[in-house]
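Order of listing sets the numbers, starting from 1, for every ligand and every atom in it. We use all heavy atoms of the structure for the numbers below, so side chains are in, but hydrogens, waters and symmetry mates are not.
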Amino acid sequence: MSYGGEETYNDSHRAFLQAFMARSTMTLDEAKPVLAAISSVHENREILPADITSSDLTTWISTINSAISPLDLEIRSLTHQTSQARVFALVNTTSDALTQLATTYTADEIAFVKRVLDAMFETNNTARSEAMVVSGMQAVQLAKVSGDNGNGRRRESRALAREDGTGSTGGAAQPLSMREAESVMERLVQEGWLEMSVGRNYMLSPRALMELRTWLVDTYNDEDDEAGNERIKFCLACKEIITVGQRCPRRQCPARLHDTCAPRFFRTQQSQACPTCRTEWTGENFVGERAFAGSSGNRGARRSGGGGGGGGDSSSQQQMDG
Ligand SMILES: [Zn+2]
Ligand SMILES: [Zn+2]
């Protein structure tokens with residue numbers, strides 16, 4: 001017996017869609033009790049969460065997606081880069097997340113969010129250290145409008161320079177207070193745009209990666225970058241954006257793989273060589289916050305001696321200079 005709902009969109013689907021709107025994302029395990037409750041009412045008998053299968057969920061979602069596509073909405077899914085859970089989110093297919101945030105955040109708050117994204121994908125995403133996270137301390141410092149971006153020169157937010165009509169009306173962004181910056185970060189976590197990493201840094205959530213995919217590529221990857229120099233990179237195996245995972249030991253090589261995609265990938269190609277440059281892949285060179293460890297520069301607070309910058313600094317891997 002399957003509980004995929006009927007193929008015609010009905011009140012049950014509407015109820016499930018409402019459950020989706022009430023929370024930012026759902027995994028299969030989170031969807032099971034919701035679908036069981038809705039199915040129980042619809043069929044007027046008790047259906048248990050354990051009765052709901054992954055293929056039931058797929059059927060529900062495909063019926064809902066047919067109904068909501070004229071509204072430019074779609075339920076999409078992405079594998080969480082560290083927990084490996086399949087995460088489902090209701091995504092707006094025509095406007096990016098920043099445009100949506102503009103309806104509930106002020107223009108100055110949006111400008112702050114863009115400075116946070118610049119810090120993740122520019123300041124903390126260099127050839128030496130692709131951390132792609134920000135610490136709470138760094139986020140609070142971004143409450144200020146402009147200043148030193150780490151290269152010793154003042155510059156406008158790259159995200160703002162690519163103004164896409166969200167928020168700013170041409171006036172210069174005003175700074176937030178530190179308290180306001182903290183509260184925006186808290187809201188972004190609550191609303192499912194950001195999440196805390198193992199090492200207590202802020203990183204983009206699966207929902208943000210799904211909604212911002214195109215925007216991130218348009219904003220941070222230059223068309224005239226040489227191949228492989230793009231700031232936003234994709235896992236060679238699953239083709240999704242990678243912000244946590246492994247990199248090729250050869251620094252100039254753009255090959256990246258998620259931690260869980262890597263073993264499967266090398267088993268399939270029956271060799272431990274990087275598919276791009278044939279360097280032996282050690283699995284000890286990282287993207288994500290683990291890139292802070294062993295990074296020898298680029299962070300404001302450089303320590304002398306034994307490595308060790310940001311959180312999650314548990315490994316002391318050798319960084320090979322290319
Ligand atoms: Zn992958
Ligand atoms: Zn390589």
Worksheet item: Does the pair Thr59 and Asp56 meet the rule for a side-chain hydrogen bond (donor to acceptor under 3.5 Å, both in side chains), with working shown?
Response: CA-CA 5 Å; Thr59 310; Asp56 291 337; 5.5 Å; no
Got [X] and [Y] here, is their nearest side-chain heavy-atom distance under 4.5 Å?
X      : Y      : result
Trp281 : Cys253 : no
Phe112 : Tyr105 : no
His80  : Thr27  : no

Worksheet item: Hey, are Arg213 and Glu240 close enough for a salt bridge, meaning a charged N less than 4.0 Å from a carboxylate O?
Response: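 Salt bridge between Arg213 and Glu240, a charged N being under 4.0 Å from a carboxylate O: yes.
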Practice prompt. Look at Lys233 together with Glu130 and state whether they make a salt bridge at an N to O cut-off of under 4.0 Å.
Written response: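 Looking at Glu130 together with Lys233, the answer is yes, because their closest N to O distance falls below 4.0 Å.
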Practice prompt. Would you give the angle at the Zn ion (ligand 1) between His258 atom ND1 and Cys261 atom SG, to the nearest 10°?
Written response: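 It is 110°, given to the nearest 10°.
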Item to complete: Take the Zn ion (ligand 2) as the centre and count protein N, O or S atoms at distances under 2.8 Å.
Response: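 Atoms of protein N, O or S type lying less than 2.8 Å from the Zn ion (ligand 2) total 4.
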